[in-house]
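This one's a predicted model, so the numbers in the text were calculated from it and none came from an experiment.
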Amino acid sequence: MKMAALGKLSQALLRSSFGQTRRQLSAAASAGHAENASRTWKILSFVVALPGVAVCMLNMYLKMQEHHHEQPEFIPYSHLRIRTKRFPWGDGNHSLFHNDHLNALPGGYEGHDE
Amino acid sequence: MTHQAHAYHMVDPSPWPLTGAVAALLMTSGLAVWFHFHSTTLMALGTVLLLLTMYQWWRDIIREGTFQGHHTPPVQKGLRYGMILFITSEVFFFLGFFWAFYHASLAPTPELGGCWPPTGITTLDPFEVPLLNTAVLLASGVTVTWAHHSIMEGERKQAIHSLTLTILLGFYFTFLQGLEYYDAPFTIADGVYGSTFFVATGFHGLHVIIGSTFLAVCLLRQIRYHFTSEHHFGFEAAAWYWHFVDVVWLFLYISIYWWGS
């Protein structure tokens, strides 16, 4: 019987801390009814969250118009373009996301760029 | 029929912990073999075994919980503990990489030019794609909360819509990061800046992919009526993990992208 009481007590304690997240979210969401929280979050999604993403997309698009990718000047710094060990792919000299226009090799930019 | 006099789940013997361990062994030794002997066979074998292990182990958990009723409240409580402990361990994992970043950036060595960002590094503009990525992940946090309330209120269609939206946002983030990685004027080999940037954001990206996959599995389960309004811990675990991924990004954004630029 004592075990059951102890179990119930620990269960209540745990439930309060795990349920807290849900309660906090419900509390944050419930301007009025907690039962209709899904509607609140749906509204938040379409009025705040997704427009926020759209604004950032617009901002990006506008910024892209201003500057196209200028190639950074190549100076053979010894602390950059480290090659103490070859990359285990290709010729071992190109990083995984290598970009000819923007990533110089230790000797300088490759190919057609000056 | 035998009965148990307790509410806990005595799991049947399973081969998956062993296959998982073997997979881990093959993947790690395979990685070393790849680096030194340029063969990917061992690593590929390990990866396949890992995928098979994950699929079958979690399939079995779903069978035990959803179909056989073994996930009583005390069992669920244990699963909650487990997920929280796991996420805590992941927090410490990322803490290490943040430690490395701050160690390098707070006291930049003379080799770097005594400054941060190091001489010769052209950083990414934090108010372009990184800001969009922040908006995308924050939005996905809102939509996953919408999904949770929908499930709790028995709104089946809304749950499916909001979960799908969350996953799409996750994919969009991954896509944008991929673009950023390709368009970055620096690489992982560009000194400690490159190392800290790509290792920290790279592991984060991997966790976004993992989180998106977890949510996608939840979407499949929601469509197949696995969740009830009272019992849907798999979804809650995925949502917790997703929020964790979002918070890590916020720290990455503030530290590496913004302060570090």
**OP:** Please check if atom CD in A:E73 has more than 12 non-hydrogen atoms from other residues, nucleotides or ligands closer than 6.0 Å.
**Re:** no

Original post:
In terms of heavy-atom contacts, does CH2 of B:W258 have more than 12 from other residues, nucleotides or ligands at under 6.0 Å?
Top reply: no

Work out which heavy atom in [X] is nearest to a heavy atom in [Y]; give both atom names and the distance.
| X | Y | value |
| --- | --- | --- |
| A:V53 | B:A139 | CG2-CB, 3.7 Å |
| B:A189 | A:F87 | CB-CZ, 4.0 Å |
| A:S38 | B:Q158 | OG-OE1, 4.1 Å |
| B:H38 | A:P88 | ND1-O, 4.4 Å |
| A:C56 | B:L132 | CB-CD1, 3.6 Å |
| A:L102 | B:A184 | CB-O, 4.2 Å |

Are [X] and [Y] side-chain neighbours, meaning at least one heavy-atom pair lies under 4.5 Å?
| X | Y | result |
| --- | --- | --- |
| A:H79 | B:P118 | yes |
| B:W146 | A:L44 | no |
| A:F46 | B:L165 | yes |
| A:N36 | B:E153 | yes |

Subject >> Inter- and intrachain pairs under salt bridge (charged side-chain N to carboxylate O under 4.0 Å, His left out), touching residues 111-139 of chain B, at least two apart >> reply: A:K63-B:D125

**OP:** Could you note down all residue pairs passing salt bridge (charged side-chain N to carboxylate O under 4.0 Å, His left out) where residues 160-174 of chain B supplies at least one of them, sequence neighbours left out?
**Re:** none

In terms of heavy-atom pairs under 4.5 Å with chain A, which of [options] leads?
| options | answer |
| --- | --- |
| B:F127, B:Y181, B:Y193 | B:Y181 |
| B:G194, B:P185, B:S140, B:G191 | B:P185 |
| B:T122, B:T119, B:N133, B:L112 | B:T119 |

**OP:** Measure A:M57 against the heavy atoms of chain B and call it side chain, backbone, both or neither at under 4.5 Å.
**Re:** both

Original post:
Relative to chain B, which segment of A:N99 carries a heavy atom at a distance below 4.5 Å: side chain, backbone, both, or neither?
Top reply: both

What distance separates [X] [atom1] from [Y] [atom2], expressed to the nearest 0.5 Å?
| X | Y | atom1 | atom2 | answer |
| --- | --- | --- | --- | --- |
| B:T187 | A:I82 | OG1 | CD1 | 9.5 Å |
| A:M60 | B:L176 | CE | CG | 7.5 Å |
| A:R39 | B:E155 | CZ | CD | 11.0 Å |

Original post:
Which residues in residues 90-98 of chain A have any heavy atom lying under 4.5 Å from a heavy atom of chain B?
Top reply: A:S95, A:F97, A:H98

Subject >> Contact class of B:V192 relative to chain A, heavy atoms under 4.5 angstrom >> reply: neither

Original post:
Would you say the side-chain atoms of B:D190 pair up with the backbone N or O of A:L80, donor to acceptor, closer than 3.5 Å?
Top reply: no

**OP:** For A:R86, enumerate each residue passing the side chain to side chain contact (heavy atoms under 4.5 Å, CB included) test, keeping only those at least two apart in sequence or located in another chain.
**Re:** none

